[in-house]
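Notes follow the structure.
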Amino acid sequence: MIDVAQYKTEISRIPGDILVVPRSQMTELLAEVEAGQAAKRTLRRISTIANLSATTAIAA
């Protein structure tokens, strides 16, 4: 797992606007982002299903 606070601190210490990031680190970063997006979509689905269930129960 990427320690975001640590990376932000380290990046803020680097002068200039351009960073060189190894491919392996970029791949790891994108994998973390992808996992976070999947988790967010899952939470939305669960919320939608819960709301539908509650609406259906009230209507019944």
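Among residues at least two apart or in separate chains, side chain to side chain donor-acceptor pair (under 3.5 Å) pairs with a member in residues 8-19 are Gln6-Glu10.
In terms of the side chain to side chain contact (heavy atoms under 4.5 Å, CB included) criterion, residue partners of Glu28 (sequence neighbours excluded) are, by chain and number, Ile2.
Rounding to the nearest 0.5 Å places CD of Glu34 at 11.0 Å from OG1 of Thr27.
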Can you list, pair by pair, the side-chain donor-acceptor contacts under 3.5 Å of residues 43-52, counting residues two or more places apart and other chains?
from, atom 1, to, atom 2, distance (Å)
Thr48, OG1, Arg44, O, 2.9
Asn51, ND2, Ser47, O, 3.3

